[in-house]
Protein chains: 4
Amino acid sequence: MAEKSPVAAQRSAPRRRRKEARPQELTAAALSLFVEKGFAATRLDEVAARAGVSKGTLYLYFDSKEALFKAVIAEGVVPAIEAGEAMLERHADDPVTLLRGFLYEWWALIGSTELGGIPKLMMSEARNFPEVAAYYHETVIRRGLRLIRTAVQRGVDMGVFRRVNTELIGNVFMAPLLHLALWRHSFGACCGGDLDAQRFLDTWFDLLMHGLGAAPAPREEAR
Amino acid sequence: MAEKSPVAAQRSAPRRRRKEARPQELTAAALSLFVEKGFAATRLDEVAARAGVSKGTLYLYFDSKEALFKAVIAEGVVPAIEAGEAMLERHADDPVTLLRGFLYEWWALIGSTELGGIPKLMMSEARNFPEVAAYYHETVIRRGLRLIRTAVQRGVDMGVFRRVNTELIGNVFMAPLLHLALWRHSFGACCGGDLDAQRFLDTWFDLLMHGLGAAPAPREEAR
Amino acid sequence: MAEKSPVAAQRSAPRRRRKEARPQELTAAALSLFVEKGFAATRLDEVAARAGVSKGTLYLYFDSKEALFKAVIAEGVVPAIEAGEAMLERHADDPVTLLRGFLYEWWALIGSTELGGIPKLMMSEARNFPEVAAYYHETVIRRGLRLIRTAVQRGVDMGVFRRVNTELIGNVFMAPLLHLALWRHSFGACCGGDLDAQRFLDTWFDLLMHGLGAAPAPREEAR
Amino acid sequence: MAEKSPVAAQRSAPRRRRKEARPQELTAAALSLFVEKGFAATRLDEVAARAGVSKGTLYLYFDSKEALFKAVIAEGVVPAIEAGEAMLERHADDPVTLLRGFLYEWWALIGSTELGGIPKLMMSEARNFPEVAAYYHETVIRRGLRLIRTAVQRGVDMGVFRRVNTELIGNVFMAPLLHLALWRHSFGACCGGDLDAQRFLDTWFDLLMHGLGAAPAPREEAR
DNA sequence: GATGAATGAGCGTTCATTCAT
DNA sequence: TATGAATGAACGCTCATTCAT
């Protein structure tokens, strides 16, 4: 009451910072558990414990378990999109570099981080949470696919790539990346059968470039 | 299960057929529900209802919900393997035909059928059922990957494909197929954003063949 | 399945009878606890324990605690009404006897029995369950008040009672009866300050008859 | 509470008044909510919100929810008693006027005010708070009943009323008044079926006076 | 004195599992 | 073999209570 003057508007710093950081601490804990065990099999006790708070505290920030799920997705999605758009701008002119950037940076910034669990989570729960799935589809998937299609189309137009059907090229492009992320959070995490991410990405990029007809060019120069 | 003496086995046919078919009717109902809602979110009530039996009847055939899960996987795995091996024998000599066969027949016989839900189910639950995942990994995945690697290697050896790193080619090959199956049972089933399977497969096979250096078009340009 | 013939339609008797009697055992246990402690303060554990079943069993018969509350009221109300209407028919011609019957029989059949707790319960919870209150008001209260007003009006028309305002006479008539029932389940049950029901009823009936101008007559006959 | 020295007591007036008024603002908020929803169903959040303070503030004045309940009753009881005694002194000599005063003034000063909710609250919670009920019984009920019995007895002794059994006359006298107050806070507040208080009181007083043999009309007929 | 973030015990509800029929 | 009534452990959620600020 006394500190409400516009000047001294900030309350005691540590408490305040905690209050503001809490939701992200909670969604981070929830994300890792949802990815690990699935939404239904994750108990809120565990989420709270992993975040280092009590069960009741969750309800200070989220109305329900479902609301927590939505927040997990919504919060994980924003960085993913921003990262993607940043990539597009960085390598605007060179299609090969652009696709290489999408591929390796997606893995570096998303696939290999905590966010890499979101595809598994969304695939597992899409049918149980159609609205969230629709939001994710609209906000992340469509937008991401368009980025890739644009990049490929640009390469085709520039004569760097052969003429391919670009309609579904985004899905094809992403499929191995998502597979890698899904694998990491399923078989890779339980059976020791982990994939070597770098070699997998290299194999895929090599095959993709040849498949788009972009690989022979360097070789011809090499003749 | 099959230990009945040949003599006693010839009881009244229709009744008998019903009794023997029961477990498969139950696992079929369970599979579709597990795929739809996930293992944890599926109630045994629902499984029983979909199979047209009472809840207690489930326990005549399966000791627990987890046992039912294992049976669902185990039962789905056998046809998958047999189908895969049949493919290999049918198209043994021609690597291109072999890969085309794997791709389109996998989709026709597995991906597009009820069995196509198993990848989603296994991915979602692998960490909750490590033994089942290990069994699946050993029995289905490794074996399937070896099939593909063998086929590609044969193509390389025959000079039909360019020299590619065949170590992870199986994973790359399967990724879009699995992606298609996963999609069908997640976003495709809830957001109307279904993928056109045929065009997707065509796009992928075209890209793959070019990527392996086996497609005619680039060769013609190379003339 | 075999016994489904119309003849042998009754299943094994003891189990079946139990199944049919259960809801009433449960509502009886719930009524006494709701009356004793109030709806909100009553735990379903207690209800189940008092009925001799487990907590889960409650949910085989009632969808929720609120549904149980509604059932308690609905079930308690039917006998009350039927008893009231039976009285009216038994003593149709003599207003004094009719009112005496209402008064003493209401107490004997309702007020002093388990049903006597319903007024306390309904008064306490009316605002929390408006639909139930509306149902009770329509089904029990209005109907009961009309019975009494009819009886008094008949007495006035016959010249047995003086001309009184019959509009609210039903409420006045019932007030001491309800007070007695309420008392029994509040102060009477906790502070030892129990009321002597017979003397209370006698006092009230005596006052009422004199108030309606019906008492002097017998005395005059006695002169 | 009142142990502050007379000197220190004269601090800044408006602030002081606020601080001293706090407990009563809190009990007033609590009373209305307890009456509305019952003790158990009332959340301290709501009480605090209605009083315009934070939830923690409640605990500066009351040790627990139960202590708040006791304070609500204790605080409501003092005005009730003082009002009752004031009535007795005002109409000491004439029994009819005395009873009329009790009746109409009880309604005016208690029944129709915020205090009119206390009977409902006490009836509902008597068995959950036996000590409070005992205190209330001793402090309010017995004393009130004695007042009325004394008044009626005086009327009988003076020959104004006929000889009635005065033992339970207080309970009978109060029953319709309490019924009216209870009704207002139960059905009257939720089903639109409100009672017309004035007509109800008139009907009751008319019936009562005739019942006690004190009404003019019968006497005139008797001439 | 006043706040409101945090707690954790407890309740309503669900559901895998059992068992008498 | 098949049923479905019954169970009870466990989970989501609430809310009285505490305490650092």
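Each chain gets a letter, A, B and so on, in the order its sequence line appears, and its residues count up from 1. What you see below is based on every heavy atom in this structure, not just the backbone, and it leaves out hydrogens, waters and symmetry mates.
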Taking the nucleotide of DNA chain E with the closest heavy atom to each, which residue, D/Gly56 or C/Phe39, is nearer the 5' end?
D/Gly56
Please name the nucleotide paired to F/dT21 by Watson-Crick or G-U wobble geometry with both distances under 3.5 Å, or report none.
E/dA2
Any side-chain N or O of D/Arg22 less than 4.0 Å from the OP1 or OP2 oxygen of E/dA2?
yes
With the side chain defined as heavy atoms from C-beta on, B/Val53 is closest, among F/dT3, E/dT3, E/dT7, to F/dT3
With respect to the side chain of A/Ser54, which nucleotide from F/dA2, E/dT7, F/dC11 is positioned closest?
E/dT7
From the list F/dG8, F/dT17, F/dC13, which nucleotide is the closest neighbour of the side chain of A/Leu44?
F/dC13
Compare the minimum distances between each of F/dC11, F/dC13, E/dT13 and the side chain of C/Lys55, then state the nucleotide with the smallest one.
E/dT13
C/Tyr59 OH to E/dC15 C1', straight-line distance once rounded to whole Å:
13 Å
Nearest to side-chain heavy atoms of A/Leu60, which nucleotide of E/dT7, E/dA16, F/dT17
E/dT7
Tell me: CZ of C/Arg43 to P of E/dA9, nearest whole Å?
16 Å
Here's a test of your reading of the structure: between B/Thr57 and A/Asp45, which maps to the more 5' nucleotide of DNA chain F?
B/Thr57
Please tell me which of the listed nucleotides, F/dT17, F/dC15, F/dA5, lies nearest to the side chain of C/Tyr61?
F/dA5
Between atom CZ in B/Phe34 and atom P in E/dA16, what is the gap in whole Å?
9 Å
With a sphere of 6.0 Å drawn around CG of D/Asp63, does it hold more than 12 non-hydrogen atoms of other residues, nucleotides or ligands?
no
A/Leu68 CG to F/dG12 P, in whole Å, measures 11 Å
Is the positively charged end of A/Lys65 above the ring of A/Phe39, judged by distance under 6.0 angstrom from the centroid and angle within 45° of the axis?
yes
note: C/Lys65, atom NZ; E/dT14, atom C1'; distance rounded to Å ~ 17 Å
Rounded to whole Å, CG of B/Leu58 lies from C1' of E/dC19 at a distance of 16 Å
